[in-house]
Amino acid sequence: MSSRYYQEMQESFKNNSKSREFPAHTAKVHSVAWSCDGRRLASGSFDKTASVFVLEKDRLVKENNYRGHSDSVDQLCWHPTNPDLFVTASGDKTIRIWDVRTTKCIATVNTKGENINICWSPDGQTIAVGNKDDVVTFIDAKTHRTKAEEQFKFEVNEISWNNDNDMFFLTNGNGCINILSYPDLKPIQSINAHPSNCICIKFDPTGKYFATGSADALVSLWDVDELVCVRCFSRLDWPVRTLSFSHDGRMLASASEDHFIDIAEVETGEKLWEVQCDSPTFTVAWHPKRPLLAYACDDKEGKYDNNREAGTVKLFGLSNDS
């Protein structure tokens with residue numbers, strides 16, 4: 001028997017299953033993220049820039065393009081409670097903090113290696129950035145100075161604090177989830193989560209679960225308190241690259257090189273919807289207040305000019321009448 005929530009969301013997506021694309025960059029988009037109030041969407045690209053859009057009813061209106069990095073912007077994230085600040089991680093061995101009110105870079109912090117992943121602590125005080133050499137650097141968000149640096153002996157993929165800000169999680173190349181205490185960064189536990197490379201991790205907004213995606217094409221859902229796997233989602237065939245929980249924590253979007261994004265009901269694992277794509281998806285992000293999903297794929301422009309990347313950002317969940 002399907003839950004009431006399942007039936008409500010099915011009904012909702014039947015009427016709001018439209019996707020729209022918006023030009024954002026001159027090369028592929030690696031990362032999309034919403035500001036905490038949901039007013040803005042930021043995207044980071046291989047073209048070395050970040051773009052910020054304002055969400056107006058059912059469209060994204062480009063507000064600004066942020067230049068300064070000299071290499072690809074691989075990941076970005078917003079301040080957890082201040083909707084005006086976001087940070088970008090780049091292969092140019094820096095991170096940059098930007099303020100949308102002045103459209104300026106308010107800080108450039110030099111790091112030791114080519115940065116590939118970044119997250120902002122839930123209390124807003126620290127930014128963690130991971131590089132290609134498996135070093136994670138913890139940067140004070142106010143003074144922009146390095147507070148701590150950890151070199152790991154395994155391939156570090158994605159990093160995240162738990163919602164309570166007292167534990168730090170890493171997914172690694174051996175299929176494990178490593179958990180450290182925070183701020184003292186002492187190892188608490190290593191969980192054998194997947195038989196192959198554990199790629200991405202996300203915490204749900206309610207603090208009940210976190211999810212990991214792996215090269216084995218599985219998404220596993222974990223109870224935060226018990227640290228046990230509650231269920232697996234197995235509808236994708238390719239390595240899971242990106243995950244996002246909806247604002248109420250009840251839906252989980254996951255994507256890969258499969259030509260669709262899977263939207264699952266968290267509590268049952270049932271498929272709520274799938275968003276059709278023409279190519280692999282790099283990044284997904286649910287809006288913090290509405291069932292709107294931003295995403296970006298490895299699109300090529302036109303049928304004949306196959307080498308040019310489109311650099312578009314897409315929005316799913318729009319009214320079919322819009």
Side-chain angles (χ1 to χ4, degrees), residues 16 18-69 72-90 95-108 117-124 127 129 141 160 202-203 205 242-248 251 253 261 275 281-297 310-319 322:
N16 303 281
K18 195 166 157 185
S19 281
R20 256 185 150 145
E21 54 180 60
F22 304 90
H25 294 277
T26 57
K28 63 183 161 202
V29 177
H30 287 306
S31 182
V32 292
W34 294 99
S35 57
C36 59
D37 60 359
R39 281 200 58 221
R40 288 182 169 88
L41 180 81
S43 57
S45 166
F46 188 71
D47 71 4
K48 307 174 188 171
T49 71
S51 287
V52 170
F53 297 85
V54 175
L55 178 64
E56 290 182 8
K57 289 203 187 77
D58 59 356
R59 61 182 44 210
L60 292 168
V61 178
K62 195 160 186 186
E63 185 178 56
N64 254 303
N65 191 247
Y66 292 79
R67 297 170 186 282
H69 282 298
S72 171
V73 176
D74 273 0
Q75 209 172 32
L76 51 77
C77 62
W78 291 83
H79 187 288
T81 53
N82 180 339
D84 298 320
L85 299 180
F86 71 98
V87 60
T88 48
S90 169
I95 67 163
R96 286 175 177 250
I97 303 173
W98 311 85
D99 189 324
V100 296
R101 291 162 301 191
T102 60
T103 72
K104 286 192 169 63
C105 173
I106 55 171
T108 302
N117 45 42
I118 194 159
C119 60
W120 209 310
S121 63
D123 64 7
I127 295 164
V129 58
S160 180
K202 277 287 178 304
F203 282 78
T242 175
L243 298 165
S244 180
F245 282 97
S246 58
H247 66 96
D248 55 7
M251 291 189 287
I261 298 165
V275 183
T281 302
F282 291 123
T283 175
V284 294
W286 282 110
H287 188 274
K289 293 176 181 167
R290 297 166 52 189
L292 272 182
L293 186 73
Y295 62 104
C297 304
T312 56
V313 166
K314 298 179 172 62
L315 208 50
F316 160 79
L318 301 171
S319 164
S322 67

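The structure presented is a predicted model; accordingly, all values stated were derived computationally and were not measured.
The backbone N or O of Ser72 lies less than 3.5 Å from a partner atom in the side chain of Ser90, making a donor-acceptor pair. Put simply, the side chain of Arg39 never gets that close to the backbone of Pro83: no donor and acceptor are under 3.5 Å apart. At distances below 3.5 Å, at least one donor-acceptor pair connects side-chain atoms of Ser45 with backbone N or O atoms of Ala27. Between the Ser246 side chain and the Met251 main chain, a donor and an acceptor come within less than 3.5 Å of each other. Remark: side-chain polar atoms of Gln75 are paired, donor with acceptor, to backbone N or O of Ile118 under 3.5 angstrom.
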Starting from the C-alpha separation in whole Å, work towards a yes-or-no answer on side chain to side chain contact (heavy atoms under 4.5 Å, CB included) for Val275 and Thr281. CA-CA 11 Å; Val275 183; Thr281 302; over 6 Å; no

Stepwise side chain to side chain contact (heavy atoms under 4.5 Å, CB included) test for Leu55 and His287: CA-CA 10 Å; Leu55 178 64; His287 188 274; 3.6 Å; yes

Asp99 vs Arg101, salt bridge (Lys or Arg N to Asp or Glu O under 4.0 Å): CA-CA, chis, key distance, verdict: CA-CA 5 Å; Asp99 189 324; Arg101 291 162 301 191; 2.7 Å; yes

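A distance of 7.0 Å separates NZ of Lys202 from OG of Ser160, quoted to the nearest 0.5 Å. Going from atom CG of Asn64 over to atom CZ of Phe53 covers 11.0 Å, rounded to the nearest 0.5 Å. To the nearest 0.5 Å, atoms NZ (Lys62) and CZ (Phe22) are separated by 12.5 Å. Expressed to the nearest 0.5 Å, how far CD1 of Ile261 lies from CG of Leu243 amounts to 11.5 Å.
Between His69 and Trp98, the ring planes are perpendicular. Angles over 60° get that label, and only those under 30° would be called parallel.
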